[in-house]
Protein chains: 4
Amino acid sequence: MIQVNYQDSRPIYQQVHDGFRRQILAGVLRPGDQLPSVRELSTRLAVNPNTVQRAYRELEQEGCVYSVRGKGSFVADASDAARAHQAELLGRFDSLVQELQALGVTPEQLRQRLEGGTT
Amino acid sequence: MIQVNYQDSRPIYQQVHDGFRRQILAGVLRPGDQLPSVRELSTRLAVNPNTVQRAYRELEQEGCVYSVRGKGSFVADASDAARAHQAELLGRFDSLVQELQALGVTPEQLRQRLEGGTT
Amino acid sequence: MIQVNYQDSRPIYQQVHDGFRRQILAGVLRPGDQLPSVRELSTRLAVNPNTVQRAYRELEQEGCVYSVRGKGSFVADASDAARAHQAELLGRFDSLVQELQALGVTPEQLRQRLEGGTT
Amino acid sequence: MIQVNYQDSRPIYQQVHDGFRRQILAGVLRPGDQLPSVRELSTRLAVNPNTVQRAYRELEQEGCVYSVRGKGSFVADASDAARAHQAELLGRFDSLVQELQALGVTPEQLRQRLEGGTT
DNA sequence: GTGGTCTAGACCACG
DNA sequence: GTGGTCTAGACCACA
């Protein structure tokens, strides 16, 4: 499910983090689902356990995941994290639009692109 | 014209690079205009000359700027760089839209946002 | 009576421990009352018997509970444990107050908060 | 300035973190002040650089500190973090008061303690 | 020189 | 078995 790409400029821990977060926010992983253990995932991805641990820790700090010592790591109720994440993406959307318009792209072109993606 | 913010998470060389690129693509700096010398800019910004050097080098690699030994650095014809840059931004736009829709944001909501930003 | 919450950051043995201690110190459980057996409670809570065992052991070490081989665990005279516990909480109270005052919160504000909570 | 106590139940990285946060929020360290470098502090405290690094990283995630690669770590404008921290402490204050009252401590006793600490 | 990431592997706490 | 902390030391990006 999670993949690591050494060509990616993002650090590995963040690729793992982003991968899970996306799946959680998209509903692929649902509240209460158990994540693979740190050890299992680290061997599967052939990375250091610390690296996976850090990804999980940051997910937990964001409220996407909760960990129980001796039991495992689980998907948390996503509502809060989801709302924050959506707000962040909309902010990025706005600034991208602004930048594109500064380069001469018309809102009309962007609107057409929106429809294109709906297909 | 160019400013450096130490609290910005981007490295300084990239702030310098982004600042010039934006001005070039937006038409503030026009083809043939001369950029400040590495030495002058580095003292003005109170940063290491290497840092400015690297910003100029990357601008040149992108085709935004050309250097003439012993003369200085000049803004190149923007068309090529602009086209590439615009394509990159549009790609980011598409993937952002896709992700937002995965989170349940409707194209209608995004369209309204587009109009809001047109002001 | 006792509940376990896996989302709680405290380990389970401590949730069990704290739950009993609170009930004992508050007088819900009175000296001489019998606690449920380790086996019964562990099945009721669906946790490992070791976990309950440890909670009981620590309660006993604190003097909140005493065990009689072959009979069970019973609430001890609370006075000793209560005094120790109250002293500990008062200590925490003092250091909290000190820290809040260092941040500019006036004793007056805290006094008002005290009254608010009396309701 | 910062000390590590191996008897303390808190992990080392958190002792370092808490120590700096307290000094920052109390105004001992002021916005813009430079923190000791990761390497310097780690040798001074005789701990691993990673441990200090983690403390700094979490301070940065909280907005107490900002780090610039190649330059150092600096105290951020504390206002936001301070407000959040104070709210957290007041919450702890309330629940402590509630617990103490459940044990029979009167608000009057607590009020006297407040004045005692003012000295 | 600075901070940031990663590995290899240890030990602890918990169930 | 699980997650959490820590060490020792490497390598990279940046100034």
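Proteins get letters first, then strands, A, B, ... in listed order; numbering begins at 1 in each. Model, not experiment: these values are computed from the prediction.
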Q | Nearest heavy atoms of E60(C) and S67(C), plus distance in Å | A | OE1-OG, 3.2 Å

Q.
With a sphere of 6.0 Å drawn around CZ of R10(C), does it hold more than 12 non-hydrogen atoms of other residues, nucleotides or ligands?
A. yes

Q. What's the shortest heavy-atom distance between G19(C) and I2(C), and which atoms?
A. C-CD1, 3.6 Å

Q: Using heavy atoms to find the nearest nucleotide of DNA chain E for E60(D) and V68(A) separately, return the residue whose nucleotide is more 5′.
A: E60(D)

**Q.** Residue R30(C) excluded, over 12 heavy atoms near CZ under 6.0 Å
**A.** no

(Q) Which residues in residues 7-15 of chain D have a heavy atom closer than 4.0 Å to any atom of DNA chain E? (A) none

(Q) side-chain contact (heavy atoms from CB on, under 4.5 Å), that's the test. Do V16(D) and T51(D) meet it? Break it down for me. (A) CA-CA 9 Å; V16(D) 175; T51(D) 304; 5.7 Å; no

Q | For the student: nearest non-hydrogen atoms of V38(C) and V52(C), plus distance | A | CA-CG1, 4.0 Å

**Q.** With Y6(C) via ring-ring contact (aromatic ring centres under 6.0 Å, His included) - residues at least two apart
**A.** none

**Q.** For chain D, the stretch of DNA chain E it reaches, first to last nucleotide, under 4.0 Å of its heavy atoms
**A.** dG1(E) to dC6(E)

Q.
Counting only heavy atoms from other residues, nucleotides and ligands, does the tally under 6.0 Å from CD of E88(B) exceed 12?
A. yes

Q: Represent DNA chain E in dot-bracket notation, 5' to 3'. Only Watson-Crick or G-U wobble pairs with both distances under 3.5 Å count; pseudoknot-style crossings use [ ] and interstrand partners use |.
A: ||||||||||||||.

Q: Give me the residues of residues 41-50 of chain A where at least one heavy atom lies under 4.0 Å from an atom of DNA chain E, by number, or none.
A: V47(A), N48(A), N50(A)

Q.
Around atom CZ of R44(A), are there more than 12 heavy atoms from other residues, nucleotides or ligands closer than 6.0 Å?
A. yes

**Q.** Heavy atoms of other groups near Q98(B) CD, more than 12 under 6.0 Å
**A.** no

Q. Should F74(C) and V68(C) count as side-chain neighbours, where that means a heavy-atom distance under 4.5 Å?
A. yes

Q. Residues in ring-ring contact (aromatic ring centres under 6.0 Å, His included) with F93(D), at least two apart?
A. F93(C)

Q: Hey, which sits more toward the 5' end of DNA chain F by its nearest nucleotide, K71(D) or R39(A)?
A: R39(A)

Q | Most 5' of G70(D) and G72(A) on DNA chain F, judged by nearest nucleotide | A | G72(A)

Q) Y13(A) and side chain to side chain donor-acceptor pair (under 3.5 Å): which partner among R54(A), Q53(A), R57(A), E58(A)? A) R54(A)

